[in-house]
Amino acid sequence: MFLNLLIKNESIDKNATMEEFKKIAPELSKIKKENAFGTPPHYFDDFSARLQMKIEAEKQVAEKKEFKIINILKPALGLAASFAIIFMLVYIPVKTFMPQQAVVGNLASNEYSDNEFETILEELDENSFFALLENGDEEESFSDEELIAYVSSNFSSYEIFEYTEK
Amino acid sequence: MQDIDKHIIAGLKDKNKRDLAFHQLVSTYQERLYWHIRKIVLNHDDTDDVLQNTFLKVWKSIDNFREESSLFTWLYRIATNESITFINSKKKKSFMQMNEVSEFLMDNLESDPYFEGDEIQLKLQKAILTLPEKQRIVFNMKYYDDLKYDDMAQILDTSVGALKASYHHAAKKIEHYLKSTD
């Protein structure tokens, strides 16, 4: 009942639209509404097969693109992987087998305690201490000859022997 | 939504049945979409290209289809956009002005061996070609395909009121062309 009413209403609406259309465009209303276009014979029968071929071609292009990206990335990935392996081969054994205390000892040997520093200062005579302070900024480097000359003029052979034994 | 559409959508969502469902979709909609595109680009060969591109796009974007719109309006929307893109690319390639587009399409129609209309039909097509692009599409969808305004609103992303006004103006312009070229 409701569906019939709906269909009836729709057809009334359509008729009203048609009447309105005739009023707006009487010349156009006279022209027979027909499809003036044609297609080659069997066009729609073949279309699906042709489309399928195109889709398959697209799929292959997409696969090739994917393959290309992997090919480009391969050497970079290989290089990164070998770096990682080398790092692991060096880092893990060093961390596992090297005694922690030895590492700490090595680090500490580069630094002087306050007492040691004081004894070194005490052993220096006044002149050489001031000479060091004055020339420190100007002469940052000196040759081996200058060093030997300085040591031989300021230290006795026994003192040198004692220092090297330490 | 029609039962056939429901069946096709269910098949498209299932990756094992997707190929078969897509084949069904093509068989169901190829003719309707063909005629819709043909009335926009006019020439058979161009229509064939655009129709293939339309279905390729459908194939690629199956996962993006949300059932907010019907399958039919989604397909029509893609076909319309592909047709407009095709005309725009032709326009760019040959540096055409807006008024030259209708001349290009007219040449396209006259050189098409598959146009089977008589003189009156050719005159009507010429009259339709005087319309702006969007108005031409609205006129064709209503006049030839007799689509509902609600469906057209979904396809063209416009309000029903705007579509009615557009169709009214289009009919008046065509009438004027037919009268003035008698």
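Here is the naming used below: chain letters follow the sequence lines, and residue numbers restart at 1 for every chain. Computed from a predicted model, the values in this text were never measured in an experiment.
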State the CH2-CG distance between Trp35(B) and Asn35(A), to the nearest 0.5 angstrom. 4.5 Å
Side chain, backbone, both or neither: which part of Leu109(B) has an atom under 4.5 Å from a heavy atom of chain A? side chain
When only heavy atoms count and the cut-off is under 4.5 Å, which of residues 43-52 of chain B reach chain A? His44(B), Asp48(B), Leu51(B), Gln52(B)
Report, by ascending residue number, the residues of residues 20-27 of chain B in heavy-atom contact with chain A at a distance under 4.5 Å; give 'none' if the set is empty. Phe22(B), His23(B), Val26(B)
Between Tyr43(A) and Tyr34(B), does the ring centre distance come in under 6.0 Å? yes
Applying a strict 4.5 Å limit to non-hydrogen atoms, the region of Tyr143(B) in contact with chain A is both
Between Ile4(B) and Phe65(B), is there shared hydrophobic-cluster membership here, with clusters defined by ILVMFWY side-chain heavy atoms closer than 4.5 Å? yes
So, Lys179(B) side chain and Glu27(A) main chain: donor-acceptor pair closer than 3.5 Å or not? no
Can you tell me how the ring of Phe37(A) sits relative to the ring of Phe115(B), calling it parallel under 30°, perpendicular over 60° and tilted otherwise? perpendicular
Roughly how far apart are Glu34(A) CD and Leu124(B) CG, rounded to 0.5 Å? 10.0 Å
Honestly, the part of Lys30(A) sitting under 4.5 Å from a heavy atom of chain B is neither
Do you reckon Phe47(A) sits in the same ILVMFWY cluster as Tyr114(B), going by side-chain contacts under 4.5 Å, direct or chained? no
Looking at NZ of Lys173(B) and CD1 of Ile24(A), how far apart are the two atoms once the value is rounded to the nearest 0.5 Å? 14.0 Å
Contacts of residues 50-57 of chain A with chain B (heavy atom under 4.5 Å): Arg50(A), Leu51(A), Lys54(A), Ile55(A)
Heavy-atom distances under 4.5 Å only: say whether Gln121(B) touches chain A with side chain, backbone, both or neither. side chain
Should we say atom NZ of Lys33(A) is surrounded by more than 12 heavy atoms from elsewhere, each under 6.0 Å from it? yes
List the atom of Lys59(A), the atom of Trp59(B), and the distance in Å for their closest heavy-atom pair. CE-CZ2, 3.7 Å
For Ile120(B), does the CD1 atom sit with more than 12 other heavy atoms under 6.0 Å from it, leaving out its own atoms? no
Tell me which pairs pass salt bridge (Lys or Arg N to Asp or Glu O under 4.0 Å) where either residue lies in residues 76-89 of chain B, with sequence neighbours left out. Lys57(B)-Glu82(B)
Kindly say whether Phe44(A) contributes a backbone atom to a donor-acceptor pair with the side chain of Gln30(B) at under 3.5 angstrom? yes
What pair of heavy atoms forms the shortest contact from Ala25(A) to Ala171(B), and how long is it? CB-O, 3.9 Å
